[in-house]
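Following: one structure in structure tokens, then a few remarks.
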Amino acid sequence: MDILAHGLWVGVGAAWMHRHRRLDRRTAVLAFGLAVVPDLAQLLPLLYLALFSHDGWTVLLAYANALPGYEPALSPVVRELTHHLHCAMHSALVAGVVTAISWMWLGRFWIPLLGWWSHIVIDVFTHSAEFYPSPVFYPVTYWGFDGLAWNTPWFMVANYLSMSIVAVLVWRRR
């Protein structure tokens with residue numbers, strides 16, 4: 001799913017959750033942030049390139065807008081960094097370890113982590129094997145479910161239409 005949709009779905013989910021359990025603005029903003037961070041984290045090496053090389057912005061924009069098979073050529077170091085950041089941020093095992101540590105630290109589940117978890121669950125089913133499959137068991141395996149590509153035009157329309165309908169229902173019932 002695209003970055004914006006991840007954030008918007010969590011926003012709708014936070015509004016729904018707020019109806020059933022008081023949810024402060026800070027928690028909702030943190031959940032939104034954790035919903036978009038998995039896709040943004042892998043851009044960090046490219047952002048560094050953008051800031052410190054002459055063609056870095058071009059490479060960053062080409063990478064962010066690439067279709068399967070048309071990603072720009074990257075240096076081996078940058079390619080590996082973006083790959084492993086993508087894998088780590090889309091791994092249920094990594095998110096599980098972070099969740100367990102935060103639970104032990106706080107003595108309860110930290111609600112903003114639902115943003116990250118929602119990102120992982122959604123991406124498992126909305127990424128095809130050809131374009132950034134979500135390796136849910138990374139670092140044990142790179143296996144990822146071969147789902148429906150999120151950038152399929154009819155799916156993007158259906159996704160935003162569904163999100164709009166759910167948002168209207170949530171806000172009407174407030």
Side-chain angles (χ1 to χ4, degrees), residues 1-17 23 26-51 56 59-68 70-72 74 77-103 105-106 109-152 155-156 158-160 162-163 166:
M1 187 171 296
D2 64 286
I3 297 170
L4 177 63
H6 279 295
L8 293 175
W9 273 116
V10 166
V12 171
W16 176 84
M17 189 178 215
L23 193 66
R26 179 177 174 270
T27 299
V29 168
L30 286 169
F32 174 89
L34 287 174
V36 299
V37 158
D39 288 341
L40 296 178
Q42 73 190 52
L43 298 177
L44 290 174
L46 294 164
L47 182 59
Y48 178 84
L49 273 182
L51 294 173
V59 173
L60 174 63
L61 290 174
Y63 182 87
N65 295 307
L67 294 173
Y70 295 99
E71 295 92 349
L74 302 172
V77 171
V78 172
R79 186 178 62 246
E80 288 299 309
L81 279 172
T82 58
H83 172 73
H84 288 292
L85 283 169
H86 166 78
C87 291
M89 296 304 295
H90 289 80
S91 169
L93 295 178
V94 172
V97 167
V98 171
T99 300
I101 291 169
S102 73
W103 199 317
W105 180 272
L106 299 172
F109 179 78
W110 191 50
I111 298 295
L113 285 172
L114 288 174
W116 187 8
W117 279 104
S118 73
H119 187 111
I120 292 169
V121 169
I122 289 170
D123 272 6
V124 165
F125 301 106
T126 62
H127 279 246
S128 66
E130 293 89 37
F131 198 53
Y132 292 109
S134 294
V136 290
F137 302 115
Y138 176 87
V140 175
T141 180
Y142 285 107
W143 178 83
F145 181 76
D146 187 12
L148 176 66
W150 64 266
N151 56 354
T152 304
F155 178 76
M156 289 190 74
N159 180 42
Y160 279 96
S162 300
M163 187 185 320
V166 171

task: Indicate yes or no: at least one non-hydrogen side-chain atom of V136 is less than 4.5 angstrom from one of I120.
output: yes
- request: Can you sort out the partners of F137 under ring-ring contact (aromatic ring centres under 6.0 Å, His included), two or more places apart, ordered by chain and number?
  value: none
message: Please check this pair: side chain of S91 against backbone of C87, looking for a donor-acceptor N/O pair closer than 3.5 Å.
response: no
Exercise: identify the closest heavy-atom pair between D123 and M1: OD1-N, 3.1 Å
Review item, side-chain donor-acceptor pairs of residues 27-34, under 3.5 Å, at least two apart:
unit_1 : atom_1 : unit_2 : atom_2 : d
T27    : OG1    : D24    : OD1    : 2.8

message: Quick check: do N159 and M163 have side-chain heavy atoms less than 4.5 Å from each other?
response: yes
Heavy-atom side-chain proximity of L93 to V97 below 4.5 angstrom: no
task: Report the C-alpha separation of L113 and W103 in whole Å, then their side-chain angles, then the decisive distance to 0.1 Å, and conclude whether the side chain to side chain contact (heavy atoms under 4.5 Å, CB included) test is met.
output: CA-CA 11 Å; L113 285 172; W103 199 317; over 6 Å; no
task: Find out whether V12 and L8 are in side-chain contact, i.e. whether some heavy atom of one side chain is under 4.5 Å from a heavy atom of the other.
output: no
message: What's the separation between atom NE2 in H84 and atom CE in M89, rounded to the nearest 0.5 Å?
response: 15.0 Å
field: Interatomic spacing from CG in N151 to NE2 in H127 - rounded to 0.5 Å
entry: 8.5 Å
field: ring-ring contact (aromatic ring centres under 6.0 Å, His included) against F155, all qualifying residues, sequence neighbours excluded
entry: none
task: Answer yes or no: is there a side-chain heavy-atom contact under 4.5 Å between W150 and I122?
output: no
field: Backbone of A149 reached by a side-chain donor or acceptor of S128 within 3.5 Å
entry: no
- line: d(D146 CG, S134 OG) to nearest 0.5 Å is 11.5 Å
- prompt: What residues, two or more places apart in sequence or in another chain, satisfy ring-ring contact (aromatic ring centres under 6.0 Å, His included) together with W9?
  reply: none
Listed pairs under 3.5 Å, donor-acceptor, residues 37-47 side chains, sequence neighbours left out:
unit_1 : atom_1 : unit_2 : atom_2 : d
D39    : OD1    : H90    : NE2    : 3.1
D39    : OD1    : H119   : NE2    : 3.2
Q42    : OE1    : H86    : ND1    : 2.9
Q42    : NE2    : Y63    : OH     : 3.4

- prompt: CG/L114 to CE/M17 distance, rounded to the nearest 0.5 angstrom?
  reply: 5.5 Å
statement: Applying ring-ring contact (aromatic ring centres under 6.0 Å, His included) to Y160 and not counting sequence neighbours gives none
message: Below 30° counts as parallel, above 60° as perpendicular, anything between as tilted: where do the rings of Y138 and Y142 land?
response: tilted
